[in-house]
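Comments concern the structure below.
In what follows, every heavy atom counts, from backbone to side chain, and hydrogens, waters and symmetry copies are set aside. Letters A, B, ... are given to chains in the order of the sequence lines, protein chains preceding strands, and every chain is numbered from 1.
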2 protein chains.
Amino acid sequence: MDRQAVVASLSALAHEGRLDIFRLLVKAGPQGTPAGEIARRLAVMPNALSANLKVLSHAGLIGSRRQGRSIIYRANYSAMTDVLGFLMEDCCGGDAAICGPLVEIANRAACCAEPPGL
Amino acid sequence: MDRQAVVASLSALAHEGRLDIFRLLVKAGPQGTPAGEIARRLAVMPNALSANLKVLSHAGLIGSRRQGRSIIYRANYSAMTDVLGFLMEDCCGGDAAICGPLVEIANRAACCAEPPGL
DNA sequence: CGCATTATTCAACTAGCTTTGAAATATGGA
DNA sequence: TCCATATTTCAAAGCTAGTTGAATAATGCG
């Protein structure tokens, strides 16, 4: 993950509405949430939601799949851990004993990993 | 750490120049780096650097202390782990076995903790 | 005190993002 | 095919953030 991708991810999250969306999807887990339900639960207009979902999706932070008339969105957990890894790279000059494992653990976390077929 | 503080932190980092600054300070570790050296190493103009340091500082991501004519800046590691914790809160509905420990470990990481007297 | 160094502040200009409402696309069922 | 549901796209208006250059503080030294 390069600098520009990280900036895109951080920019996408640096917005109250999109942060709410992303956290909702993080809470929801791998099965995801339909756009309509997101709009209802966050009380936002569908077009505004769509624009924000597009930003998050373009940054790679979320994915989507169609199911009938609904489009189901899901957090992309590995993208977020990549961002964390980038921020912590060479923490304290690489000498510290804690920062390295922290990044490694973050990258290994699999609870929200993609189910096959997204 | 509330939503607005997290958005401020993410906004501060969502900028190539500031991301470079923050990562340089993360690499530098607790002893920090003078503003002038940051400017030289990143090849940015002092006034632009100052503006960006102000944004990072206002977001709580970095701290500073004066030493002679120089002002030494330092990454605030705990602020970043707070942001991570906020993003991961209630990951997968709180049921997953991995996400909880991840956040806990991130918050416990102390390699870049503040030395006394900042 | 006077000067050089270090860093910050100010103001004008530019560019990009956000918001809002209306229209358009896509799917599923009668 | 026709309609209702679900979501996206488009375009205009307003706002916020970034960039640049010159000027302003603050410190240390002779």
Side-chain angles (χ1 to χ4, degrees), chain A residues 3-25 28 31-75 118, chain B residues 3-25 28 31-75 118:
Chain A
R3 240 172 58 196
Q4 293 186 351
V6 172
V7 168
S9 295
L10 293 169
S11 295
L13 292 172
H15 180 282
E16 286 203 11
R18 290 194 293 265
L19 187 58
D20 289 342
I21 294 167
F22 185 75
R23 296 220 307 155
L24 185 151
L25 292 176
Q31 80 276 9
T33 307
E37 188 180 333
I38 299 173
R40 280 192 297 277
R41 284 167 58 180
L42 297 181
V44 296
M45 295 190 301
N47 55 351
L49 176 68
S50 182
N52 286 327
L53 287 170
K54 189 178 182 180
V55 173
L56 287 167
S57 182
H58 189 260
L61 289 166
I62 64 176
S64 65
R65 68 180 193 277
R66 178 176 284 277
Q67 182 178 302
R69 275 179 289 198
S70 297
I71 296 184
I72 299 185
Y73 285 89
R74 188 178 54 66
L118 172 69
Chain B
R3 237 171 62 198
Q4 294 185 352
V6 172
V7 169
S9 295
L10 293 168
S11 295
L13 292 172
H15 179 280
E16 286 202 11
R18 289 194 293 266
L19 187 58
D20 288 342
I21 294 167
F22 184 75
R23 295 218 309 154
L24 184 150
L25 293 175
Q31 79 275 10
T33 305
E37 188 180 333
I38 300 173
R40 279 192 297 278
R41 283 168 57 181
L42 298 180
V44 296
M45 295 190 300
N47 55 351
L49 176 66
S50 183
N52 286 329
L53 287 170
K54 189 178 182 181
V55 173
L56 288 167
S57 183
H58 189 261
L61 288 167
I62 64 176
S64 65
R65 68 180 194 276
R66 178 176 282 276
Q67 183 178 301
R69 275 178 287 198
S70 297
I71 296 184
I72 299 185
Y73 285 89
R74 188 178 55 66
L118 171 67

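Annotation: of the two residues near DNA chain C, B:Ala35 and A:His15, the 5′-most nearest-nucleotide partner is B:Ala35. Of the two residues near DNA chain C, B:Ile71 and A:Ala14, the one whose nearest nucleotide lies more 5' is B:Ile71. Nearer the 5' end of DNA chain D, as judged by each residue's closest nucleotide, is the contact made by B:Val55, out of B:Asn47 and B:Val55.
Considering only side-chain N and O atoms, A:Ser70 lies nowhere under 4.0 angstrom from the phosphate OP1 or OP2 of D:dT5. Contact annotation: A:Arg66 side-chain N/O to D:dA6 OP1/OP2 distance is not under 4.0 Å. One finds no side-chain N or O of B:His58 lying less than 4.0 angstrom from the OP1 or OP2 phosphate oxygen of D:dA17.
Put simply, OG on A:Ser9 and CD on A:Gln4 are 12.0 Å apart, with the number rounded to the nearest 0.5 Å. Going from atom CD of B:Glu37 over to atom CG of B:Leu24 covers 7.5 Å, rounded to the nearest 0.5 Å. A distance of 11.0 Å separates CG in B:Leu13 from CG in B:Asp20, rounded to the nearest 0.5 Å.
Comparing D:dT8, D:dG28, D:dA22 against the side chain of B:Arg69 picks out D:dG28 as the nearest.
The nearest whole Å value for the distance from the CG atom in B:Leu13 to the P atom in D:dG18 is 12 Å. Regarding B:Lys54, its NZ atom lies at a distance of 14 Å from the C1' atom of D:dT24, rounded to whole Å. The nearest whole Å value for the distance from the CD atom in B:Gln4 to the P atom in D:dT16 is 14 Å. Taking atom CE on A:Met45 and atom P on D:dA6, their separation rounds to 18 Å, with Å as the unit. Distance CG (A:Leu53) to C1' (D:dA6): 13 Å, rounded to an integer number of Å. Atom CD of B:Glu16 and atom P of D:dG18 are 13 Å apart (whole Å).
Where DNA chain C meets chain B (any atom under 4.0 Å from a heavy atom), the bounding nucleotides read 5' to 3' are C:dT5 to C:dT9.
Within the 4.5 Å cutoff, side-chain heavy atoms of A:Ile38 are placed close to those of A:Leu25.
Looking only at distances, a side-chain donor or acceptor of A:Arg66 sits under 3.5 Å from a matching main-chain atom of A:Gly68. B:Ser50 places no side-chain N or O within 3.5 Å of a backbone atom of B:Pro46 that could act as its donor or acceptor partner.
Here B:Arg40 lies out of heavy-atom contact (under 4.0 Å) with every strand.
Of the residues B:Leu53, B:Leu61, B:Val55, the one that meets the side chain to side chain contact (heavy atoms under 4.5 Å, CB included) test with B:Arg18 is B:Val55.
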